[in-house]
2 protein chains.
Amino acid sequence: MTLTESLSLTSNHKQDKILQGAMQVFFRDGYAGTSMDRVAIEAGVSKQTIYSHFHDKESLFKALIEQITIARFHTLFESEELRGEPEQLLRQLAEVYLLKVGEDREYLSLLKIIIAESSRFPEMAKLYYQTVIQRGRYLLSQYFDSHPELGIKDSEATAHIFFGSLVSFVVVQEIIHGKEIMPLPSQNLVDSLIHLIHRNK
Amino acid sequence: MTLTESLSLTSNHKQDKILQGAMQVFFRDGYAGTSMDRVAIEAGVSKQTIYSHFHDKESLFKALIEQITIARFHTLFESEELRGEPEQLLRQLAEVYLLKVGEDREYLSLLKIIIAESSRFPEMAKLYYQTVIQRGRYLLSQYFDSHPELGIKDSEATAHIFFGSLVSFVVVQEIIHGKEIMPLPSQNLVDSLIHLIHRNK
DNA sequence: GTCTATACCGAGATAGAC
DNA sequence: GTCTATCTCGGTATAGAC
């Protein structure tokens, strides 16, 4: 669920417009590079309207990041455990991630700003870690544990390798502009990843 | 080689002081969050001295990132190909990376700011990609190709998995503050990585 | 709550003495 | 080349009318 979808479920119209505008500007220009004037223009409200909803720039930023993180990933908390045959499930998991996330500018921008502002806003980084990374890794490690035929010794570490490879691929290709220099086909990564984990088939 | 070490080999004293100060401030506060006044204070020179060496803030930033990237990683260009028995060499490669990089604030800050400023300075991201990522991946893929007994189908993709797992681990632990919430022992990652790649021993 | 107008400060960049 | 002093603009945040 994107922020827009999440907001349209609520009723506070002006506050939603502010958060929408704030997302555009913060994600484009970073925290320090964002001015409240631009947020006001982007959101289509006056600057004072922002300050009547949020105490200051910092509060606005924190509220925005929290809302996006939770809106997009609270489903992870409620998701069932993973099921299905390993080769097929792992392949689908990797492909969906690379396709969906690699083209999702909102997700990529969130990831980028979490890293960029991890010193100024360590709580935001920790929230992201607990809501997305830790939970995702745990779900996959549970799956590995329930499939001993894969011969995986350390399911948590292997789950990190799985997601870490995917995330770093997307970061390199889409954020560090690797794609524009020498695109590495994502299918090759998926095949090699499945091959490594599912070797003894 | 750190920036300090690299600078001490040259002779231009004031310019070195400026770059040293700029590194401290840019790495701490990001590009937009950095003021030229603070750089001047940190470097121990006046602001006008900075402007006599660098045309503007952007030029200073680009010069700094280029210098660090090239100073630290030009050795990669000249390095021999990797040699040694797979299990031992891969383990050593992973352990050295995790130990050296994980505790190297200058490297971590560089990685962070490359990602953070990848939209504003795509050329810097591309330089990093070509100087560090592409070259590192190529060296390891060469090694894989020279060891067919490992049974690796796609050496480039597997090299990405190897380094991608290590980099994402360091990013999550050290930058996203994962270490402070639930430290995942790096030895577990190394063992699982070697285990996956070197299964058919 | 929402707007226009404004206070006040710190930003990047420059002038001019030495 | 290097410094101190300064210009000008855009930043966050607030005052006060409606």
Side-chain angles (χ1 to χ4, degrees), chain A residues 7-67 113 116-117 119-121 123-124, chain B residues 7-67 109 113 116-117 119-124:
Chain A
L7 292 178
S8 62
L9 299 176
T10 69
S11 53
N12 200 333
H13 185 62
K14 276 282 162 67
Q15 186 149 335
D16 297 351
K17 282 179 69 178
I18 295 169
L19 287 170
Q20 266 293 327
M23 183 177 71
Q24 303 299 325
V25 186
F26 276 126
F27 280 7
R28 190 184 60 226
D29 301 335
Y31 178 78
T34 289
S35 80
M36 296 297 263
D37 289 84
R38 293 171 95 106
V39 173
I41 292 169
E42 192 78 34
V45 301
S46 79
K47 201 161 51 166
Q48 183 58 24
T49 300
I50 300 178
Y51 280 100
S52 76
H53 284 264
F54 301 93
H55 178 255
D56 57 10
K57 186 180 172 182
E58 221 177 279
S59 306
L60 172 60
F61 182 75
K62 287 183 183 174
L64 174 73
I65 300 298
E66 278 177 21
Q67 180 135 359
I113 211 165
E117 305 301 340
S119 299
R120 209 190 306 251
F121 298 99
E123 332 84 65
M124 298 296 99
Chain B
L7 292 179
S8 62
L9 299 177
T10 68
S11 54
N12 198 334
H13 185 62
K14 275 283 161 65
Q15 186 150 335
D16 296 353
K17 282 180 71 178
I18 294 169
L19 286 169
Q20 266 293 328
M23 183 178 70
Q24 303 299 326
V25 186
F26 277 126
F27 279 7
R28 190 184 61 227
D29 301 335
Y31 179 78
T34 289
S35 80
M36 296 296 264
D37 290 84
R38 292 171 96 106
V39 172
I41 293 169
E42 192 79 33
V45 302
S46 78
K47 198 160 56 165
Q48 183 57 25
T49 300
I50 300 178
Y51 280 101
S52 76
H53 284 265
F54 301 93
H55 179 254
D56 57 10
K57 186 180 173 183
E58 222 178 278
S59 306
L60 173 61
F61 182 75
K62 287 183 183 175
L64 174 73
I65 300 299
E66 278 177 23
Q67 179 135 359
S109 295
I113 209 165
E117 306 300 341
S119 300
R120 209 188 308 247
F121 298 99
E123 333 83 65
M124 298 296 100

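All chains are named by letter (A, B, ...) in the order of the sequence lines, taking the proteins before the strands, and each is independently numbered beginning at 1. If you're wondering where the values come from, they're calculated on a predicted model, not measured in any experiment.
- Counting non-hydrogen atoms of neighbouring residues, nucleotides and ligands closer than 6.0 angstrom, the CZ atom of Arg38(A) reaches no more than 12 such neighbours.
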For nucleotides 2-18 of chain D, just jot down a letter per nucleotide in 5' to 3' order: B, S or -, based on protein non-hydrogen atoms under 4.0 Å.
BBB------SBBBB---

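- Rounded to whole angstrom, the span from the CG atom of Leu60(B) across to the P atom of dA13(C) amounts to 10 Å.
- Atom CD of Glu42(A) and atom CE of Met23(A) lie 9.5 Å apart (nearest 0.5 Å).
- Atom CD1 of Ile50(A) and atom P of dG1(C) are 15 Å apart (whole Å).
- Ring planes of Tyr31(A) and Phe26(A): parallel class, angle under 30° (limits at 30 and 60°).
- Residues meeting the ring pair (Phe, Tyr, Trp, His ring centres under 6.0 Å) test with Phe54(A), sequence neighbours left out: none.
- By the side-chain contact (heavy atoms from CB on, under 4.5 Å) test, Gln48(A) pairs with Ser46(A), Tyr51(A), sequence neighbours left out.
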